[in-house]
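Take a look at the structure below.
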Amino acid sequence: MGYHIVVSCSRFTNPVLRNNFHIVTTPLPRHPCSFLYSTISFGSPPPLGAYHSHLLKNGSLQNLNLANYLLSLYVKSSNMNHAHKLFYEIPHKNTQTWTILISGFARAGSSEMVFNLFREMQAKGALPNQYTLSSVFKCCSAENNLQMGKGIHAWVLRNGVDGDVVLENSILDLYLKCKAFEYAESFFELMIEKDIVSWNIMTGSYLRVGDVEKSLDMFRKFPYKDVVSWNTIIDGFMQCGYERLALEQLYRMVEYGTEFSAITFSIALILASSLSLVEVGRQLHGRVLKFGLNSDGFIRSSLVEMYGKCGRMDKASTILKDVPLNFLRKENFGVTCKEPKAGMVSWSSMVSGYVWNGKYEDGMKIFRSMVRELVVVDIRTVVTIISACANAGILEFGKQIHAYIQKIGLRIDAYVGSSLIDMYSKSGSLDDAWMIFRRINEPNVVLWTSMISGCALHGQGRNAISLFEGMLHQGIIPNEVSFVAVLNACSHVGLIEEGCRYFKMMKDIYHINPEVEHYTSMVNLYGRSGHLFEAKNFIFENGISHLTPVWRSFLSSCRLHKNIEMGKSVSEMLLQSAPSDPDAYILLSNMCSSNHRWDEAAKVRGLMHQRGVKKQPGQSWIQLKDQIHTFIVGDRSHPQDKEIYSHLDSLIGRLKEIGYSLDVKLVMQDVEEEQREVLISHHSEKLALVFGIINTSQRTPIRIMKNLRICTDCHNFIKYASQLLERDIIVRDTHRFHHFKQGNCSCGDYW
DNA sequence: ATAGGGTTAG
C-alpha cells in the first residue's frame, strides 16, 4: 500500500533540468516517502509541489499516512501557506493531521491561527493529544493569555488527556511566562517526571524577572546541565545587568566541558561587546570560523555588533557583506523563516555601529538603503537605532527615523515612545519629547521615567517633580531608575528638601535599596548647593565611603565652592581607591591651580603621568546638514581651520570688550600664562561654536555636544557669545544641557 | 512536540 516515488537527483545540480524532472511511481516496498528526506534540503516548492499535485490528481490524499507526511514536510520546510492549502484538501483528517498543522503555526508564531484551528478542531470533534496541546500552550504563553491557558489546562484535567513531561513543561512555561509564580512553583513540585527542560524553564523564568538568587538556586540543583542550561544562565545574567557574573559562568561552562551551540556563540559575542572585550570577541570569531558557523544569521549579527561597538567598522562591514539587502525583502519574511530577521539585525547593528562611532552619514546611508530595499523594518530595529541616535545626540537622524516610523504607520507604543523621548531630550529638543509624551497615554514606568529624565537633563527640576507626582497619581509604581531621574532633577536645581523627601520615600515606601547612582545624586545635591559638611556626613552616615563616584562628586563640589582643604583630604582617598580614574587627578589638579598652588598641581599631574593614567581627550561635535563635525582641543584638522581660528580670535576680542575674561587657571599644562590662554581659548567647544557661527545664518540656534563636562571658562565664554551674537546656544555635556540665551544659562551657573 | 539568541529610561 502506498507509493515509492523515485526521483533522479541530478536535476538539482543541473539547472537546465531543474524544471524538467520526472516522477516515477512504483508500489511501496519500504517507508512510503523515504526518498523525500533527501529533497527537503533543496527547498520545498518544486519537488513538494510536484508531488503534491500528483497526489491530488490521482486521489492519493485519501491515504492519510501519505497526506500527513507531505503536510509535515511542508511544515518542516517552513512552507506554511502550502501546508495550509494542503490541509484543506485532505478529506479525512485525524488528530495527527491537525497537530502537524497547529504545531507548525505555533512554531511560526502565528498564535491567532493556532487558536482558530484549535477551536475548529474541537468543534469537529477531533481529540487533541499532548502534542497539539503543548503547541497551543506555547501560543498562550507567547500571547501572555493566562486566561485562555487556564481554561485549556482545566479542559485537559477534565478530559484526562495522557500527558507526558513535554505537556507538563509547556504548562509550566505558560504559568511562568504569565508570571503566575506561586502556581508554577507548586506545579513544578508536583511534577512526577522532571527533565532538563523543566529545570531550564524554571531558571530562565526567574532570570527574566531578575531573581538571580532563585535562578542560581535552581541552577545548582540541576541533576545535570546541558548547553541550554548554560545559555540560559549566561544570557539571563547578562539581561539582568550582571555581565561579570555572566562571563564567569561562560568560563565555568568551558570548564564543565559543555560544547558551545550556535546560540552560545551568539550570546558570548554580545557579552564580549558589552564588556568591551575585543580580544575575547576575536577569539570567539576564530572559533566561529573554525566550526563553520559564520553562516548563522544570529552569529553574524552578534559579530557585526561586537565589531561595531569596539569601533572596528571595517571588520563589521566585511562580515555584513554576506548578507544581501534584497534578501531581506518582505516576501522573504516567510512565517517561520528566522534567517531574514537575523540578517536584518546585522544591518541595523551596522547602522547603530556607525552611529556609535560617530559616522552618522554612513549610518544614514545604510538606513536609507534599508528603507529603499528591504521594506520590513520592525520595532526592535527602529528602537535600537533611535537609542544609538539618542546617545550620539544627533537630532537630524533621529528626526528622520521618527518621520519614517510615521510614514510606515508603525504604532508608537511605550517602547518606541520612550526611545523617542530619550532621543529628543538628549538631542536638545525637549519640546518634541513632550509632544511624544503627551500623545502616548500608557501607564508605563519607563515612558514616564524617560520624560522625567529629560526634564532633569534640561534643568527643569520643578517640571520633573510634578511629572513624578503625576506618575504616582496615575498609580504607576516608580522603580530605581525613576528615583535616579527625580533625584538628579532635584540636584540640578538644588532642591534639597524635595530630594531628601524622595530619597526617604524610595527607601521607606517603595523599599528600594539605594544604589551608587542614588547616593551619588544625593551627595551631588548637598555638595553642589554648598552644603559640603552635610554631604560628608551623608557619606559616612550611609556607609558609602568606599564608593568612588560618590567622592568624585564630592570633590567636584569642593572645587566649585573652592574648599581646597576639604577637597585635598578626600582626593587622597580617591587617588588611592581609584588610581586609574583620570577624573580624580584632573579635578584635584584643577582645584590646586585655580587656587594658584602650582606646585601641588604639578605634583598631581606627575603622579598621573607616572601611573600611566591618560586624560580622556575632550571632544565636541556639531551637526550641519547631513554631517557631523568633530573637534578636539587645538584641532587643526578641519578643512575650514584657518577661518575658524581667525574668527575665534576676533570673537574673543569682541567678547572681552563686553566683560569676558579668560579664566586661565583651569589649564592643566604647566606653561606660561600667554600659552595657557591660547590652549584654553582653543577648547573643542569653542571651536565647534565658531564653526557653527560661520556656517549658519544669523540667529539660528546652535547645538553642540561634548563628551566631558563643560569648563567654567567655556561656560562663561558662551554666555557672553549668546549675548553678543543674539543667538541661542545649546550645549550638552556629560551631565546635562545648558541653554544659553542673552548672556544667561538655563543652569543658572549651577552645574 | 516543551526551554535559550536583539528592543526603551540612570
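Since we're looking at a predicted model, the values are computed, not measured. All chains are named by letter (A, B, ...) in the order of the sequence lines, taking the proteins before the strands, and each is independently numbered beginning at 1.
Between the CG atom of A:Asn169 and the P atom of B:dA1 there is a distance of 15 Å, rounded to whole Å. Between the CG atom of A:Leu172 and the P atom of B:dA3 there is a distance of 11 Å, rounded to whole Å. The CZ-C1' distance, from A:Phe298 to B:dG5, rounds to 6 Å in whole Å. Distance, A:Ile452 CD1 to B:dA9 C1': 10 Å, rounded to whole Å. Nucleotide B:dT2 holds its P atom 18 Å from the NE2 atom of A:His153, rounded to whole Å. In this entry the distance linking CG of A:Leu547 with P of B:dG10 reads 20 Å, nearest Å. Between the CD1 atom of A:Ile379 and the C1' atom of B:dT8 there is a distance of 11 Å, rounded to whole Å. A:Tyr415 has its OH atom 11 Å from the P atom of B:dG6, to the nearest Å.
In this structure, A:Phe137 does not count as stacked on the base of B:dT2 under the 5.5 Å centre distance and 30° plane angle limits.
Partners of A:Phe219 according to the ring-ring contact (aromatic ring centres under 6.0 Å, His included) rule, which considers only residues two or more places apart in sequence or in another chain, are A:Phe222, A:Trp230. Partners of A:Lys214 under the side chain to side chain donor-acceptor pair (under 3.5 Å) rule, at least two apart in sequence or in another chain, are A:Glu185. With sequence neighbours excluded, no residue forms a salt bridge (charged side-chain N to carboxylate O under 4.0 Å, His left out) with A:Lys138. When the side chain to side chain donor-acceptor pair (under 3.5 Å) test is applied to A:Ser229, the partners found at least two apart in sequence or on another chain are A:Asn200, A:Asp226. Remark: A:Asp235 pairs with no residue by the salt bridge (charged side-chain N to carboxylate O under 4.0 Å, His left out) rule, at least two apart or across chains.
Nucleic acid contact for A:Leu167: none, since no nucleic acid atom lies under 4.0 Å from a heavy atom of the residue. Heavy atoms of A:Lys194 sit nowhere under 4.0 angstrom from any nucleic acid atom. Heavy atoms of A:Ala456 sit nowhere under 4.0 angstrom from any nucleic acid atom. Residue A:Gln130 is classed as having no contact, given no heavy-atom separation below 4.0 Å to the nucleic acid. Here A:Asp164 lies in heavy-atom contact (under 4.0 Å) with a base. Residue A:Ser348 is classed as a base contact, given a heavy-atom separation below 4.0 Å to a base. Among the atoms of the strands shown, base atoms are found under 4.0 Å from some heavy atom of A:Asp296. Counting any heavy atom pair closer than 4.0 Å across all strands shown, A:Ser418 reaches a base atom. A:Glu168 comes within 4.0 angstrom of nothing in the nucleic acid, heavy atoms only.
When each of B:dA9, B:dA3, B:dG6 is scored by its nearest atom to the side-chain atoms of A:Val345, the top-ranked nucleotide is B:dG6. Of the candidate nucleotides B:dA9, B:dG4, B:dG5, B:dG5 has the atom lying nearest to any side-chain atom of A:Ile299. Of the listed nucleotides (B:dA9, B:dT7, B:dG5), B:dT7 has the atom at the smallest distance from the side chain of A:Arg380. Set against B:dG6, B:dG4, B:dA9, the side chain of A:Val446 has B:dA9 as its closest nucleotide. Closest to the A:Thr381 side chain, of the nucleotides B:dA9, B:dG6, B:dT2, is B:dG6. For A:Tyr131, the side-chain atoms get nearest to B:dA1 when compared with the rest of B:dA9, B:dG10, B:dA1. Closest to the side chain of A:Ala262, out of B:dG5, B:dA9, B:dG6, is B:dG5. Here B:dA9 is the nucleotide among B:dA9, B:dG5, B:dG4 with the atom lying nearest to any side-chain atom of A:Asp422. Ranking B:dA9, B:dG4, B:dG6 by closeness to the A:Arg208 side chain, first place goes to B:dG4. Minimum atom distance to the side chain of A:Ser135 is reached by B:dA1, of the listed B:dT7, B:dA1, B:dA9.
Regarding contacts with the backbone of B:dA1, every side-chain N or O of A:Lys76 stays at 4.0 angstrom or more from both OP1 and OP2. Contact annotation: A:Gln239 does not reach the phosphate of B:dG5 (side-chain N/O to OP1 or OP2, under 4.0 Å).
Not a single donor-acceptor contact under 3.5 angstrom links the side-chain atoms of A:Ser170 to the base of B:dT2. Contact annotation: side chain of A:Asn231 to base of B:dA3, donor-acceptor pair absent below 3.5 Å. Checked by distance alone, A:Ser261 brings a side-chain donor or acceptor within 3.5 Å of a matching partner on the base of B:dG4.
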- Give the intermediate values and the outcome of side-chain hydrogen bond (donor to acceptor under 3.5 Å, both in side chains) for residues A:Ser301 and A:Ser349. CA-CA 7 Å; A:Ser301 64; A:Ser349 301; 5.6 Å; no

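Aromatic ring centres of A:Phe291 and A:Phe260: separated by at least 6.0 Å.
A:Asn479 and A:Ser482 share a side-chain donor-acceptor pair at under 3.5 Å.
A heavy-atom distance below 4.5 Å is not found between the side chains of A:Gln130 and A:Val166.
Under a cut-off of 6.0 angstrom, the local environment of NZ in A:Lys150 is sparse, with at most 12 non-hydrogen atoms contributed by other residues, nucleotides or ligands.
Listed by residue number, the members of residues 220-228 of chain A with any heavy atom below 4.0 angstrom from DNA chain B are A:Asp226, A:Val228.
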